[in-house]
Amino acid sequence: MFAEVMVDLKTKEIQSSYDYIIPSDLEGFLKLGMRVVVPFGNMTRVGLITKIKSESLAATKAIIEPFDMEPIVDKELFHLINYLEEEAMIPSVLAYHKVIPDALSVEYQKVIRVMKRDGLKEPLKSLLIDDVVVFKKTWRKYSSAFQKAVSSGSIEIDEAIDQKRSIQTENYYLKTTKVPQTQKQQALWLYLNEPKRIEDILDSGYSKQMVQTLVKMGSISIQKQEKMVVFKPTYAEDSKALTREQKEAVLAIKESLLKYERFLLKGVSASGKTEVFLQLCMELSKKRKQAMIITLDTALIEQLRLYLNPFLSVAVIDPEDTLQSRLDSYRAAQTGYVDVLITTPSGIFTPFKSLGIIIADEAQDPSYIDYAKTIHGLDMLQERARYNNIPLVYASATPPVQLYYDATLGKLRLIELNEKVYQTKDQLQIVDMKKELENGNLSMLSKPLYDAINRSLKDNKQALILANRNGFAPYVLCRSCGHVPTCERCDTTLTYFENKRRLKCPHCGYQMKYEPKCMACGSDKVRPVGMGIEQVEVQMKRTFPLAKIARLDSETTSKKGVYQATINAFKAKKIDILIGTQMISKGHDFDIPVVGILLIDSMLKAPSYLANERCYQLIKQTMGRAGRKQAGVSIVQTYQTDHFVLKSLEDEIGFYEQELNRRQIAHYPPYYQLLSIVFKGNSLDQAERAATKLKQQIISRYSQYEVVGPSESDIKTFKLMIKTGKRQDLKHWIQSIKQYYDKENLSVRFYRYDDIV
DNA sequence: AGCACGCCGACT
DNA sequence: GTCGGCGTGCTC
């Protein structure tokens, strides 16, 4: 027999499936979806069995050994890998790496054994102080030196595979056919009529000693089985009584529990969405089916877990947890040992024994699109729901335009939860900052917002300020020559952080020390330009010197636990004014009379077709934090009072309709599909030529496509943006483009979810 | 001729 | 990702 194996070749986007001979002793044991160790060139690599077949013309080498005891990729995951390859245009090896969790990935090592020490020259001499040294990535630096040392016989090299985390096993004890002599021993022997763990045996009153003697005598055998972490519900009493709307929502979704259907559960926070989730999960648990809930971050995961755990067994995959704990939860979901799995979008590929529902919470959030803009989490979840024939519930207070559009077409069912648990009338005020300037107010704080905060502080109450812009200033400018420092890697302007005196790239994380001297002309007239959250904090402290002020942004929360601690302190009223980026807008219920929204003008101008929707959602969500029990006011400061996003903050339907109208006219989703094609060559020139050439070819051959660009995007790259009514059309020629440019020593990449226009 | 270096393609 | 083959070009 033969196996088709997808060899783990991390970077190259080449054909990666090769045929291997299955050694006769592994026949029957090796199955589809298991990983195996195979020889590849002069290397030893891990690969995934993608097919088992009885004939192969190509196979010459045999599989060395199995790497897993059972398949780690099931039918559904194969389907998803295939989907990523076809729809997201990701090469299959990369798709495989997306689907396999980090905890199960492997690293390749070189084990160097010193044979003749006197033959060694520098730098090897000082590197190989011990007789056996293991190298990982640093191997590459010295590979040629090692090579020479091998041929001169001073060292030998072996390959080793390092698993980051393996599936843990533990011993189970089982009786054999050999009956022991004494009565006591026989009691233990009879008790082990099925495999039991040592803890359970001890709990039942038998001693370790006895087990061991019986093992020695051959009356008990030891089996290795996977060690499962058990997630148990904490068993509370009855759940809360449902409101009429909640009952209707639960009923509507319950009706289609065993078929594929999409729902949009629209409700502001505190409208009781979580209770609806709980009811659905409990219903499924009775049917021995599992639920997957996706949310955004540690805090929201924890909130959900605390709500569900009294009634259900709940596992959690949080990227901030350790590899081992993520793997435990992964296995619990895969083996069906848990009712509910809560995870962030990073966990959307977790396999389940028997999945019954998928709930995508905070469905409007951009983090559902992966960093590389090639995968949309919501699309993957839709594919999984379709595959498993189960419902998919999107939950959001401010649904993405795409889902609103789908709902109007009847492609998904809209369920609204309108009743706020606390009824209050929220007030909205939009302040024109141009007028403030005319009236002589030079500060970043408008008079109405200043008054509102002041009043609140006098009443011993709090204020929440959204300033969604990291750092002290969006960029620094040399007033002498006009130079603006940009990122080496992505060419975007660097954000200035005053506290750390550093310039950072908001895009890729590149950072450098800030010197108040111009890198281009040497002048010392370098000044920060524009406003960021650090500056807001400084000014707030100056304006309200007696108030306790805290800031929540990516910088202050880089240490684990700070986020939650600050939120808790704010809830406990130990902080008077909380200033934060978008991270303060999600999930938390504060009871505050004043919400101030600053620095949104640049967001409205962002070069993304999603800018309006993101800004609208952010403002709405932040407003939603204000005034639960008490009356609240939200104050939005802007220079663009006429912008339709701001004008329709209290007219939801109006917003969606105007935005949809705009997108239809400008040819954006949901009416048109986008595909960006990015060329990266050895030189800017080469990339531009290729992009221009392809554009002409597309225009002349396919009149239905609209091509925008080419425009310079990252360093040494040019981008074309294709807009088309039907995406189906694109697939067939993408393959040929790829092959064509591979020969030209140019890299071409395709991004389905690029929103930057 | 002899060797160092870099690019290219094969790897089942 | 890794290695070997082959061509180029430099040096003795």
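Residue numbers start from 1 in every chain, and the chains themselves are labelled A, B, ... in the order their sequence lines are given, proteins ahead of strands.
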message = Within the 3.5 Å criterion, strictly below it, is a donor on A:Tyr96 or A:Asp8 matched to an acceptor on the partner's side chain?
response = no
When rounded to whole Å, the CD1 to P distance for the pair A:Ile64 and B:dT12 reads 11 Å
**Request:** Establish, for the pair A:Arg331 and A:Tyr337, whether the NZ or CZ atom is under 6.0 angstrom from the six-membered ring centre and no further than 45 degrees off its axis.
**Result:** no
To the nearest angstrom, the CG-C1' distance between A:Asn42 and C:dG4 comes to 8 Å
Between A:Tyr20 and A:Phe2, is the ring centroid distance below 6.0 Å? no
**Asked** According to the interplanar angle, ranging from 0 to 90°, do the rings of A:His79 and A:Tyr387 count as parallel (below 30°), tilted (30 to 60°) or perpendicular (above 60°)?
**Response** tilted
Just checking A:Asp19: base, sugar-phosphate only, or nothing, at a heavy-atom cut-off of under 4.0 Å?
base
From CE of A:Met43 across to P of C:dC3 the rounded distance in Å is 8 Å
Whole-Å distance, A:Phe40 CZ to C:dG1 P, equals 13 Å
Closest of C:dC3, C:dG1, B:dT12 to the A:Lys61 side chain is B:dT12
Rounded to whole Å, CZ of A:Arg45 lies from P of C:dT2 at a distance of 6 Å
Between CD of A:Glu159 and P of C:dC3 the distance, given in whole Å, is 8 Å
When rounded to whole Å, the CZ to C1' distance for the pair A:Phe135 and C:dT2 reads 17 Å
A:Tyr18 atom OH is separated from C:dG1 atom P, nearest whole Å, by 15 Å
